[in-house]
Number of protein chains: 2
Amino acid sequence: MTDERMRGQDEWLPQPATEDIELVKVLHALGDPVRLRLLSLYLEGGEVSCTLEGVGLDHLHKSTLSHHMKVLRAAGVTATRVAGRNRFVRLRRQDLDGRFPGLLDALLKGLEAQ
Amino acid sequence: MTDERMRGQDEWLPQPATEDIELVKVLHALGDPVRLRLLSLYLEGGEVSCTLEGVGLDHLHKSTLSHHMKVLRAAGVTATRVAGRNRFVRLRRQDLDGRFPGLLDALLKGLEAQ
DNA sequence: ATGATTGTTTGACGAGTATCCAACGATCCG
DNA sequence: CGGATCGTTGGATACTCGTCAAACAATCAT
């Protein structure tokens with residue numbers, strides 16, 4: 001099932017509907033150093049372009065990062081808006097907070113603590 | 001580094017010290033259906049024997065479950081006390097709550113919601 | 001149009017992992 | 001002692017996954 005609420009606004013990459021987000025898939029998606037680093041970027045708020053520089057992920061090939069972003073999107077963690085050549089990624093904070101209350105806040109605190 | 005606080009009491013299987021518990025390893029350990037099911041058992045409180053019946057994991061070989069329990073222990077999620085032939089597993093709730101405040105609570109709520 | 005930019009897709013490869021099975025070690029019980 | 005119980009370990013196998021490289025598609029700029 002695909003989320004339909006954003007129809008007619010912009011173009012978005014496919015993502016699971018809110019009610020289809022599964023905890024085990026979210027945890028699996030975040031149980032990787034690269035994707036957890038991406039999460040910490042997204043947690044800072046706003047939209048993030050796929051072009052990443054100086055965030056400690058320069059050693060990775062662009063296709064590798066594209067793969068990781070797809071995993072996060074498929075798990076329901078992020079939403080990706082398509083604007084021309086660019087993709088802007090943001091956290092699905094409202095959806096995640098509604099489905100797993102306190103999870104993102106705990107992860108944010110945990111990431112800061114380390 | 002190994003946690004030394006429990007010396008002289010009982011025999012425990014090796015586990016990482018509290019300050020060595022890493023968020024990404026915890027998330028990776030829990031990003032698996034079997035281990036997340038185990039977590040939900042441990043979250044109910046008390047110690048749980050390794051003998052599991054009627055909890056929806058009967059289809060797995062005992063060595064497979066032993067492997068999953070080892071992963072949880074190595075990630076710092078659980079502690080295992082050895083008493084004779086038996087092993088009693090419990091959550092390291094205090095350690096995890098101290099290191100990642102709110103994480104276990106959010107996971108518990110998330111598991112109940114599903 | 002031509003070329004540069006941005007990101008995805010596909011294939012390949014090595015590393016990791018989930019599972020079962022068999023064997024083992026340790027422990028408890030007659 | 002001898003057998004049963006509880007759990008771990010090692011090997012084998014199939015599958016998943018992280019990474020890179022090359023090709024591709026779409027868009028923007030000149």
Side-chain angles (χ1 to χ4, degrees), chain A residues 2 10-15 22 24-39 41-42 47-90, chain B residues 2 10-15 22 24-39 41-42 47-90:
Chain A
T2 298
D10 238 325
E11 187 184 356
W12 296 78
L13 295 186
Q15 63 179 44
E22 293 176 38
V24 65
K25 292 187 179 177
V26 171
L27 296 176
H28 181 263
L30 298 179
D32 174 272
V34 174
R35 295 193 290 263
L36 197 58
R37 178 81 186 91
L38 289 173
L39 178 76
L41 294 178
Y42 302 148
E47 286 184 323
V48 179
S49 169
C50 285
T51 306
L52 301 169
E53 295 176 1
V55 293
L57 296 174
D58 305 332
H59 56 108
L60 291 176
H61 199 275
K62 58 178 181 174
S63 61
T64 302
L65 287 175
S66 181
H67 159 68
H68 284 301
M69 292 174 181
K70 186 175 184 178
V71 171
L72 288 172
R73 196 187 325 126
V77 176
T78 58
T80 302
R81 184 173 57 89
V82 177
R85 287 177 300 182
N86 301 308
R87 272 87 172 143
F88 293 100
V89 182
R90 63 170 180 80
Chain B
T2 299
D10 240 324
E11 190 185 353
W12 296 79
L13 295 186
Q15 63 180 41
E22 294 175 37
V24 65
K25 292 187 179 178
V26 171
L27 295 175
H28 180 264
L30 298 179
D32 173 272
V34 174
R35 294 193 290 262
L36 197 57
R37 179 79 186 92
L38 289 174
L39 179 76
L41 295 179
Y42 302 148
E47 286 185 323
V48 179
S49 169
C50 286
T51 306
L52 301 169
E53 295 176 1
V55 293
L57 296 174
D58 305 333
H59 56 105
L60 292 175
H61 199 275
K62 59 177 181 175
S63 60
T64 303
L65 287 176
S66 180
H67 159 69
H68 284 300
M69 292 174 180
K70 186 175 183 177
V71 172
L72 288 172
R73 195 187 328 126
V77 176
T78 57
T80 302
R81 183 172 58 89
V82 177
R85 288 176 301 184
N86 301 307
R87 272 87 172 143
F88 292 100
V89 181
R90 64 170 180 80

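Hydrogens, waters and symmetry mates are skipped; everything else that's a heavy atom, side chains included, is used. Every chain is numbered from 1, with letters handed out A, B, ... down the list of sequences.
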Using every non-hydrogen atom in the two residues, find where B:Val48 and B:Leu41 come nearest and quote the distance to one decimal. CG2-O, 4.3 Å
A:Met69 CE to D:dC17 P, straight-line distance once rounded to whole Å: 19 Å
By nearest atom, which of the nucleotides C:dA22, C:dA18, D:dG18 is closest to the B:His67 side chain? C:dA18
How long is the line joining CZ of B:Arg81 and C1' of C:dA26, in whole Å? 17 Å
B:Leu52 atom CG is separated from D:dC6 atom C1', nearest whole Å, by 12 Å
Main-chain N/O of A:Arg90 paired with A:Arg81 side-chain donor or acceptor, under 3.5 Å: no
Would you say A:His28 reaches D:dC17's phosphate, i.e. side-chain N/O to OP1/OP2 under 4.0 Å? yes
Does a side-chain N or O from A:Ser66 land closer than 4.0 Å to OP1 or OP2 of C:dT9, or not? no
Mind calculating the distance between NE2 (A:His61) and P (D:dA23) to the nearest angstrom? 12 Å
Closest non-hydrogen atoms of A:Leu39 and A:Val77, given as atom of the first, atom of the second and distance, are CD1-CG1, 4.1 Å
Judged by each residue's nearest nucleotide on DNA chain D, which is more toward the 5′ side, A:Arg85 or A:Thr64? A:Thr64
Rounded to whole angstroms, how far apart are CG on B:Leu27 and P on D:dC17? 16 Å
Can you tell me the distance, in whole Å, between the NZ atom of A:Lys70 and the P atom of C:dT10? 7 Å
If only atom types and distance count, is the side chain of B:Arg73 paired as donor or acceptor with the main-chain N or O of B:Val89 below 3.5 Å? no
Residues A:Thr80 and A:Gln15: closest non-hydrogen pair is N-OE1, 4.5 Å
Rounded distance in Å - NE2 (A:His59) to P (D:dG18): 14 Å
Report yes if at least one side-chain N or O of A:Arg73 is closer than 4.0 Å to OP1 or OP2 of C:dT8; otherwise report no. yes
Given D:dG18, D:dT9, C:dT9, which nucleotide is nearest the side-chain atoms of A:His68? D:dG18
Using a distance-only criterion (donor-acceptor N/O pair, under 3.5 Å, no hydrogens), is the base of D:dC6 paired with the side chain of B:Ser49? no
Closest-nucleotide 5' rank along DNA chain D - winner of A:Arg35 and B:Lys62: B:Lys62
Round to the nearest Å and state the distance from B:Leu60 atom CG to C:dA18 atom P. 11 Å
Closest to the A:Ser63 side chain, choosing from D:dT9, D:dG18, D:dA22: D:dA22
